[in-house]
Amino acid sequence: MFLLLILSLVCYVLISVYLIWALSLQKPIHKGVTLGFLAVGSLAHAGILLPKIITLYGLNFNLFNMISLTSLFMLLFYWGFSWYRAILPFGVFAAPLALIGVLTGYFGKAPYQPLTDMSAILQGHILLALAAYSILFMSAVQAVILRLQIRELKHQTIHRIWVAKLPALQDMENLLFDMITLGFVLLSASLGLGFMDTRDLLGQHLAHKTAFSVLSWLVFGLLLFGHWRYGWRGIKASNMTLYGVVLLGIAFIGTKFVLEVILN
């Protein structure tokens with residue numbers, strides 16, 4: 001497993017350095033090289049993570065495994081989007097996040113009661129939730145970049161780093177709403193399955209997680225409605241995206257951190 005960690009780290013570091021070099025010197029990014037190395041890194045990442053999640057005693061979704069799995073999902077979404085959208089420069093964020101995730105999953109230790117005899121509904125809920133979290137966290141990164149682009153255009157800065165090196169502002173906004181739409185659909189399906197499988201919110205320690213997840217779902221739903229009905233975009237869209245992701249982060253990471261690390 002240690003060799004897989006080294007392989008994953010080498011791939012992630014090489015691509016991170018390569019993309020930083022290419023963007024700083026305005027060099028073209030080679031799609032095949034970038035996605036090829038990330039594919040190898042992600043396979044090694046998965047090889048490390050799966051035995052830690054699928055144990056002899058059941059599924060182990062502790063905090064550190066979830067962070068690692070989420071970063072892997074984010075990388076896979078980036079990898080898939082990159083084949084048909086001009087988002088290769090975003091690998092400068094996806095690769096380091098995956099690097100942090102694989103290290104967190106490998107070295108992080110947290111007490112956890114393995115899940116056994118999981119229903120198909122609960123398994124579907126977990127997988128959809130992780131996919132939704134991953135792509136919505138990606139939308140938060142996209143929202144921050146969009147804000148930086150708008151700021152450069154608004155203040156007419158001489159050295160336009162974000163405007164010069166990334167796709168046009170309209171393309172960036174379209175990508176943001178593509179991510180939010182897909183994330184909202186996945187989150188809706190996840191919440192639906194979760195409610196079907198929940199018997200006792202308080203007894204299962206799900207009240208806080210459910211409340212913040214629903215609040216996040218409402219924020220993203222309102223943003224999509226506002227974009228469709230009133231043309232919300234730009235800074236307003238970026239801010240609402242960040243609000244929704246913060247609420248989702250509290251529901252996802254905050255709840256698990258309190259239960260597993262603080263309260264043990």
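Placement of Leu191 and Leu182 within a single hydrophobic cluster is found when ILVMFWY residues are connected by side-chain heavy-atom separations under 4.5 Å, directly or transitively. The hydrophobic cluster containing Phe2 also contains Ile53, counting ILVMFWY residues as joined when their side-chain heavy atoms lie under 4.5 angstrom apart, directly or transitively. Residues Leu5 and Leu3 fall into different hydrophobic clusters, defined by Ile, Leu, Val, Met, Phe, Trp and Tyr side chains chained together at heavy-atom separations under 4.5 Å. Note on Leu38 and Val10: same hydrophobic cluster, where clusters join Ile, Leu, Val, Met, Phe, Trp and Tyr whose side-chain heavy atoms are under 4.5 Å apart, directly or indirectly. If you chain together hydrophobic residues whose side chains sit under 4.5 Å apart, Phe81 and Val33 fall into the same group.
Judged as a salt bridge (Lys or Arg N to Asp or Glu O under 4.0 Å), the pairs with a partner in residues 218-239 (not counting sequence neighbours) are, in order, Glu173-Arg233. Among pairs with a residue in residues 85-99, those fulfilling salt bridge (Lys or Arg N to Asp or Glu O under 4.0 Å) read Arg85-Asp178, at least two apart in sequence or across chains. For the side-chain hydrogen bond (donor to acceptor under 3.5 Å, both in side chains) condition, no pair includes a residue of residues 134-146, sequence neighbours left out. For residues 45-68, the set of pairs meeting the salt bridge (Lys or Arg N to Asp or Glu O under 4.0 Å) definition, not counting sequence neighbours, is empty. Residue pairs meeting the salt bridge (Lys or Arg N to Asp or Glu O under 4.0 Å) criterion with at least one member in residues 4-31, sequence neighbours excluded, do not occur. Sorted by first then second residue, the side-chain hydrogen bond (donor to acceptor under 3.5 Å, both in side chains) pairs that include residues 180-192, not counting sequence neighbours, are His125-Ser190, Ser188-Trp217.
Atom CZ of Phe77 sits about 10.5 Å away from atom CG of Leu72, to the nearest 0.5 Å. Annotation: the span from Ile235 atom CD1 to Ile150 atom CD1 amounts to 4.0 Å, rounded to 0.5 Å. In this structure, Phe90 CZ and Leu23 CG are separated by 10.0 Å, a value rounded to the nearest 0.5 Å. For the atom pair CD1 of Ile87 and CD1 of Ile145, the computed distance is 10.0 Å after rounding to the nearest 0.5 Å. In this structure, the separation between CZ on Arg151 and OG on Ser238 is 13.5 Å, given to the nearest 0.5 Å.
Remark: Tyr133 engages Phe252 in a ring-ring contact (aromatic ring centres under 6.0 Å, His included) (not counting sequence neighbours). With sequence neighbours left out, the ring-ring contact (aromatic ring centres under 6.0 Å, His included) criterion links Trp79 to Trp83. Looking at residues two or more places apart in sequence or on another chain, you find a ring-ring contact (aromatic ring centres under 6.0 Å, His included) between His227 and Phe177. Asp171 pairs by the side-chain hydrogen bond (donor to acceptor under 3.5 Å, both in side chains) definition with nothing, not counting sequence neighbours. Applying the side-chain hydrogen bond (donor to acceptor under 3.5 Å, both in side chains) criterion to Trp232, with sequence neighbours excluded, gives no partner residue.
Side-chain atoms of Leu35 and Leu88, non-hydrogen and from C-beta on, do get closer than 4.5 Å to each other. Within the 4.5 Å cutoff, the side chain of Val246 has no heavy atoms near those of the Phe212 side chain. Residues Met1 and Tyr106 are in side-chain contact: their nearest non-hydrogen atoms beyond the backbone lie under 4.5 Å apart. With a 4.5 Å cut-off on side-chain heavy atoms, Ser42 and Leu76 count as touching.
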**Study point:** Worked check of side-chain contact (heavy atoms from CB on, under 4.5 Å) between Thr210 and Phe195
**Key:** CA-CA 9 Å; Thr210 301; Phe195 283 125; 3.7 Å; yes
**Study point:** Working for side-chain contact (heavy atoms from CB on, under 4.5 Å), residues Phe64 and Leu103
**Key:** CA-CA 9 Å; Phe64 302 110; Leu103 287 173; over 6 Å; no
**Study point:** Steps toward side-chain contact (heavy atoms from CB on, under 4.5 Å) verdict (His45, Cys11)
**Key:** CA-CA 10 Å; His45 190 156; Cys11 291; over 6 Å; no
Check your understanding: Yes or no on side-chain contact (heavy atoms from CB on, under 4.5 Å) for Leu187 and Leu248, after CA distance, side-chain angles and deciding distance?
Key -> CA-CA 10 Å; Leu187 184 59; Leu248 201 60; 4.2 Å; yes
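Just one of Thr104, Leu75, Ile15, Leu9 meets the side-chain contact (heavy atoms from CB on, under 4.5 Å) condition when paired with Leu99; it is Leu9. When the options Val185, Leu224, Ile135 are evaluated for a side-chain contact (heavy atoms from CB on, under 4.5 Å) with Ile180, the one that passes is Leu224. If you run side-chain contact (heavy atoms from CB on, under 4.5 Å) between Leu223 and each of Leu218, Thr241, Leu176, only Thr241 comes through.
Residue Ile29 comes nearest to Ala22 through the heavy atom pair CG1-CB, 3.9 Å, listed as atom of the first residue, atom of the second, then distance. Contact between Leu136 and Met179 at its shortest, heavy atoms only, is CD2-O, 4.4 Å. Of all the heavy atoms in Met74 and Leu97, the pair that sits closest is CE-CD1, 3.8 Å. The minimum heavy-atom distance between Asn65 and Asn60, with the atom names listed, is ND2-O, 3.0 Å. For the residue pair Thr70 and Leu130, the shortest heavy atom distance occurs at OG1-CD2, 3.8 Å. The two residues Gly47 and Pro51 come nearest to each other via the heavy atoms O-CD, 3.1 Å.
When only modelled atom types and interatomic distance are considered, His30 and Tyr18 share no side-chain donor-acceptor pair under 3.5 Å.
Heavy-atom neighbours of Phe37 CZ from other residues, nucleotides or ligands within 6.0 Å: at or below the threshold of 12.
Membership of the apolar cluster around Leu7 extends to Val40, as traced through chained side-chain contacts below 4.5 Å between ILVMFWY residues.
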